[in-house]
Structure formats: C-alpha cells, structure tokens
Number of protein chains: 2
Amino acid sequence: MPEFAELSIAGLTRVLEDFTRMHIRLPAERRLSFTTLSVLHTLAGDGPKRLTELAGSEQVTQSAITQMVTKLEREGLVERHPDPSDGRAVLVSVTAAGAAIVDGRRAERMARLSELADRLTEAERTAIAAALPALARMVELHSTAIGDSPIEREACAGDSGTDTPRDSARR
Amino acid sequence: MPEFAELSIAGLTRVLEDFTRMHIRLPAERRLSFTTLSVLHTLAGDGPKRLTELAGSEQVTQSAITQMVTKLEREGLVERHPDPSDGRAVLVSVTAAGAAIVDGRRAERMARLSELADRLTEAERTAIAAALPALARMVELHSTAIGDSPIEREACAGDSGTDTPRDSARR
DNA sequence: GTAACTTAATTAAGTTTCTGATACAGTTCG
DNA sequence: CGAACTGTATCAGAAACTTAATTAAGTTAC
C-alpha cells in the first residue's frame with residue numbers, strides 16, 4: 001500500500017456517480033415522484049423553507065413547487081405556516097408523516113450499504129471509515145461555498161428571478 | 001487517525017446522500033429531463049442496451065423509454081440498431097453528440113470536486129484516495145447482486161418499519 | 001408445419017407534473 | 001402616500017409518464 005496515494009478526481013467522480021445512480025433508482029415506494037421525494041428530503045434535512053427557496057434548490061419553477069406543496073399538504077406530508085418575518089412568504093415544513101418517508105428511504109439505503117459493507121474486507125471497511133470525515137468536510141465546504149461558485153448561477157438558465165440561493169441561516 | 005475505526009453506515013449513508021444531492025442539482029444545461037440525462041449516462045457507461053434493459057435500470061415503463069429514445073433519436077443523441085442476435089430487439093447506443101453531453105456534465109462535476117479537494121488537507125486527500133478502491137468495490141458488489149435478485153422490482157416498497165400514512169384524498 | 005404461448009417494441013389514450021404568463025397581496029423606498 | 005419590488009397563487013398549455021391494446025419475432029408443443 002503506497003503511503004502517499006494521489007487522489008484521483010476522476011476516480012472519485014466516477015464512484016460518486018455510481019452511488020448516485022444506486023441511490024436514486026432505489027425506491028418506487030409510494031406514488032411519489034423524484035422531485036417530490038427530493039423536496040421532502042430537503043425539508044427534513046434543512047428545516048422549514050420558503051417556496052422560492054425550494055424552487056431554487058430543486059431546480060424547478062416556483063409554480064411547480066406551489067402545486068407540489070399543495071398536493072403534499074393534502075396528503076399530510078408537509079405543512080404551510082405564515083412567515084412571521086414576512087407577510088407574503090410561506091414557510092413549508094415537513095410533518096411527522098413526511099419525515100417518516102424520508103427516514104424509511106434512508107433506512108433502505110443503510111440496509112443496502114450495510115449488506116455491501118459486510119462483504120468487504122476488514123481493511124476496506126477501515127479505509128472507508130478513515131475517509132468519512134474528509135468526505136463530510138468536502139460536502140461542508142460545498143454548501144458554504146455556494147455563494148462563490150459561478151456554476152450555480154449559470155445553471156439556472158431560464159429561471160425567473162433567481163436571486164442567489166442563500167443558505168438557510170434561519171432555523 | 002485511529003487505526004481501528006469502525007465503519008459507520010449511518011455516516012456513510014449521510015455523506016453519500018449529500019453528494020447525490022450535490023450531483024443532481026448541478027446543471028440544466030440543455031433542457032434535458034433528469035431521466036433523459038440518466039439514460040444517456042447509462043448508455044455512455046455501459047454501452048448499447050435494449051429498451052427493456054433501459055426500462056429496468058431507469059425504473060420507468062418500457063413505453064416511456066420508447067418515447068424518450070424516439071425523441072433523443074430525433075435530436076441525434078442516440079441511435080437505434082437492430083439486435084443481430086434477436087430480431088425483435090433494438091439496441092440503443094449513444095452518439096458522439098450524446099456522449100459529449102455526458103462528458104460535459106462529468107467535467108463540471110470533476111471541476112467542482114477538484115476545487116473542493118484543493119481545500120482539504122493533504123492527510124484528508126490521502127485518506128479519500130486510500131478509500132477509493134474499497135468504495136469502487138462496493139459499487140461493483142452492488143451491480144453484480146442486481147442480476148441475481150430482482151431488488152429493482154416493486155418489492156422494495158418495504159420502507160423498513162415506517163408505516164406510511166394512508167392516502168387521504170387520492171385524486 | 002402450424003397453433004398457442006412468450007417476449008420486444010410500438011402506438012394510442014389518459015393522467016400527472018412542469019412551464020410560462022398573469023394576478024394579487026405584502027414589503028420597501030422615494 | 002404611491003411606485004417599484006418580492007413571494008405566492010392560479011390557469012392554460014406543453015411535456016413526461018402510465019396503462020392498455022397492437023404488431024411482430026421467437027419459442028414450444030403437438
């Protein structure tokens with residue numbers, strides 16, 4: 001084992017793409033579309049958000065988010081609350097039922113990953129464990145750097161308005 | 001760095017979820033839907049496939065794939081060819097133009113990951129590099145397992161203990 | 001060899017989800 | 001206060017997906 005392995009960005013990218021594919025193709029659980037599940041995941045992870053914030057992070061129009069939230073509200077998966085700091089805005093939060101769906105999907109992923117990890121060698125598991133903090137920090141760096149990245153802005157072609165998707169500092 | 005770190009499946013799951021989110025919300029480059037991009041990615045990675053194979057891996061119906069391939073064919077991103085080994089089947093392959101789209105997206109991801117990796121410490125990069133082979137093997141183990149057990153089938157509605165709320169008005 | 005069954009892809013019709021445009025209420029600023 | 005701006009909602013139409021029915025090629029049984 002070389003002590004100074006150079007990190008292959010291509011290799012990392014490839015592996016992460018494969019895991020992405022693996023995670024996405026998982027469900028079908030209930031009649032929930034991909035975007036719907038993503039919204040629930042975002043709300044469960046980041047806490048209540050405005051409709052415009054959701055539209056930005058999910059890369060669909062605000063109109064689509066309004067309609068989706070209306071539907072999810074009817075099904076009892078999310079709730080609308082007025083934003084105390086702005087009379088126009090609505091804060092969408094996930095309900096216990098909605099969080100249960102997110103948790104259920106996570107449990108499935110964990111079960112699958114656990115099964116795969118069991119078939120690795122002890123050394124392989126240790127190597128992954130040792131890399132976890134570094135990987136987590138990459139994610140951390142990413143989320144704090146969104147304001148800088150020019151890629152984010154360029155991506156949202158055709159989106160109306162699109163102010164910079166600021167972080168959810170409200171919690 | 002501890003020598004005998006136990007692998008936290010929860011931590012691994014969480015990090016991979018975050019990367020997934022990071023990868024998906026990336027572009028919007030050329031008005032292509034998520035499923036469409038996924039199909040191109042699959043074809044570019046795995047080579048020519050039948051429509052039924054694509055339907056299975058993308059978790060949409062065969063009919064949807066037929067329509068999507070027809071559209072992609074008109075746009076010059078994929079090609080249909082008869083399967084020499086089976087007169088009923090069609091082999092779909094990605095064109096150079098289609099591959100260019102996949103490569104472009106990958107390049108963006110690599111650029112972003114590279115930028116993040118630059119801000120890690122040397123030790124962190126080394127840790128990730130050391131874990132890459134093990135992560136790749138997990139993906140490998142996963143894909144070989146698919147052929148055996150049809151997890152992809154609707155059976156995965158398991159949701160592991162989380163009783164999903166009953167549908168209120170389904171309409 | 002042909003009748004019955006299976007498999008691969010297409011077509012048609014109907015449903016869900018998204019976009020674009022517009023309306024409207026609340027906020028900000030002169 | 002009035003003008004400009006921002007956050008949501010609504011509606012018509014487009015796009016993507018599903019189910020069901022159809023065509024065609026391959027397989028099995030007699």
Side-chain angles (χ1 to χ4, degrees), chain A residues 24-25 27-28 30-40 48-75 77-93 155-166 168 170, chain B residues 24-25 28 30-40 48-75 77-93 150 153-154 167 169-171:
Chain A
I24 287 176
R25 296 312 176 192
R30 235 180 100 177
R31 261 294 188 239
L32 298 176
S33 75
F34 165 73
T35 306
T36 299
L37 289 168
S38 186
V39 165
L40 288 178
K49 279 187 179 260
R50 293 182 177 191
L51 291 174
T52 40
E53 288 181 298
L54 280 175
S57 69
E58 305 301 329
Q59 296 226 336
V60 292
T61 62
Q62 176 261 319
S63 178
I65 292 290
T66 295
Q67 298 172 64
M68 175 185 309
V69 166
T70 300
K71 177 171 155 265
L72 288 177
E73 202 177 20
R74 273 203 307 266
E75 298 177 4
L77 302 179
V78 303
E79 283 174 349
R80 273 187 170 98
H81 294 293
D83 186 339
S85 71
D86 189 333
R88 303 164 292 182
V90 169
L91 287 179
V92 185
S93 57
C156 315
D159 199 353
S160 61
T162 359
D163 63 342
T164 46
R166 292 210 302 130
S168 56
R170 70 186 79 247
Chain B
I24 287 177
R25 297 310 173 196
R30 203 189 129 174
R31 265 294 175 258
L32 296 174
S33 76
F34 165 72
T35 305
T36 300
L37 289 168
S38 186
V39 164
L40 288 178
K49 278 185 179 266
R50 296 182 174 190
L51 292 172
T52 40
E53 289 179 297
L54 281 175
S57 69
E58 305 301 329
Q59 294 227 337
V60 292
T61 61
Q62 193 179 11
S63 180
I65 293 290
T66 294
Q67 298 170 62
M68 172 185 310
V69 165
T70 300
K71 176 171 156 265
L72 287 177
E73 201 177 20
R74 273 200 308 264
E75 297 176 8
L77 301 180
V78 303
E79 283 174 347
R80 273 188 171 95
H81 295 292
D83 185 340
S85 71
D86 189 335
R88 302 165 294 181
V90 169
L91 286 180
V92 184
S93 57
R153 250 358 195 175
E154 193 174 3
D167 296 12
R170 192 213 309 250
R171 214 171 82 71

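In what follows, every heavy atom counts, from backbone to side chain, and hydrogens, waters and symmetry copies are set aside. Within every chain, numbering begins at 1; the chains are lettered A, B, ... in the order of the sequence lines, protein sequences first and strands thereafter.
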Problem set entry | Any donor-acceptor N/O pair under 3.5 Å between C:dG20 base and A:Thr61 side chain | no
Problem set entry | Whole angstrom value for the distance that separates C1' of C:dT10 from CG of B:Leu51 | 10 Å
Seminar exercise, completed: Rounded to whole Å, the CD1-C1' distance (B:Ile65 to D:dT19) equals 16 Å
Problem set entry | A:Pro48 to A:Leu91 - nearest heavy-atom pair and separation | CB-CB, 4.4 Å
For this session: Output the single nucleotide from C:dA9, C:dA21, C:dC18 whose closest atom is nearest the side chain of A:Ala64.
Result: C:dC18
Seminar exercise, completed: DNA chain D nearest-nucleotide lookup for B:Met68 and B:Ser85: closer to the 5′ end is B:Met68
Exercise. Does B:Thr35 have a side-chain nitrogen or oxygen under 4.0 Å from the phosphate oxygens OP1 or OP2 of D:dC17?
Worked result: yes
Problem set entry | Closest nucleotide among D:dT8, C:dT11, C:dA8 to the B:Arg50 side chain | C:dA8
Exercise. For the pair made of CD in B:Glu75 and C1' in D:dA16, what is the distance, rounded to whole Å?
Worked result: 13 Å
Seminar exercise, completed: Testing D:dC17, C:dA9, D:dG7 for proximity to the side chain of B:Ala89, the answer is C:dA9
Seminar exercise, completed: Nearest heavy-atom approach of A:Thr52 to A:Gln62 is CG2-CG, 4.5 Å
Problem set entry | Selected nucleotide, minimal atom distance to A:Asp86 side chain, candidates D:dC17, D:dG7, C:dA9 | D:dG7
Exercise. Would you say the base of D:dT18 and the side-chain of B:Gln67 have a donor-acceptor pair closer than 3.5 Å?
Worked result: yes
Problem set entry | Selected nucleotide, minimal atom distance to B:Arg88 side chain, candidates D:dC5, C:dA8, D:dA9 | C:dA8
Exercise. Between D:dA16, C:dA8, D:dT8, which nucleotide has the shortest distance from any of its atoms to the side chain of B:Lys71?
Worked result: D:dA16
Exercise. Is the shortest side-chain N/O distance from A:Arg80 to OP1 or OP2 of D:dA9 below 4.0 Å?
Worked result: yes
Seminar exercise, completed: A:Leu32 CG to C:dC18 P, in whole Å, measures 12 Å
For this session: For a side chain to side chain contact (heavy atoms under 4.5 Å, CB included) with A:Val92, tell me which candidate from A:Val69, A:Leu72, A:Ile65 qualifies.
Result: A:Val69
Exercise. So, do A:Met68 and A:Lys71 sit near enough that their side-chain heavy atoms are less than 4.5 Å apart?
Worked result: no
Problem set entry | Interatomic distance where CG belongs to A:Asp83 and P belongs to D:dT6 [whole Å] | 16 Å
Exercise. With a 4.5 Å heavy-atom cut-off, do A:Leu32 and A:Glu75 have their side chains touching?
Worked result: yes
Exercise. What is the distance, rounded to the nearest whole Å, between atom CD of A:Gln62 and atom P of D:dC11?
Worked result: 14 Å
Problem set entry | Length of the line joining B:Glu58:CD and D:dA16:P, which is rounded to integer Å | 15 Å
Exercise. Is the base of D:dT10 touched by the side chain of A:Ser63 through a donor-acceptor pair closer than 3.5 angstrom?
Worked result: yes
Problem set entry | Phosphate-side-chain proximity, A:Thr52 and D:dG7, N/O vs OP1/OP2 below 4.0 Å | no
Problem set entry | Nearest atoms (heavy-atom pairs only) where B:Arg80 meets B:Glu73 | NH1-OE1, 2.7 Å
For this session: Measure from CD on B:Glu73 to P on C:dA9 and round the result to the nearest Å.
Result: 13 Å
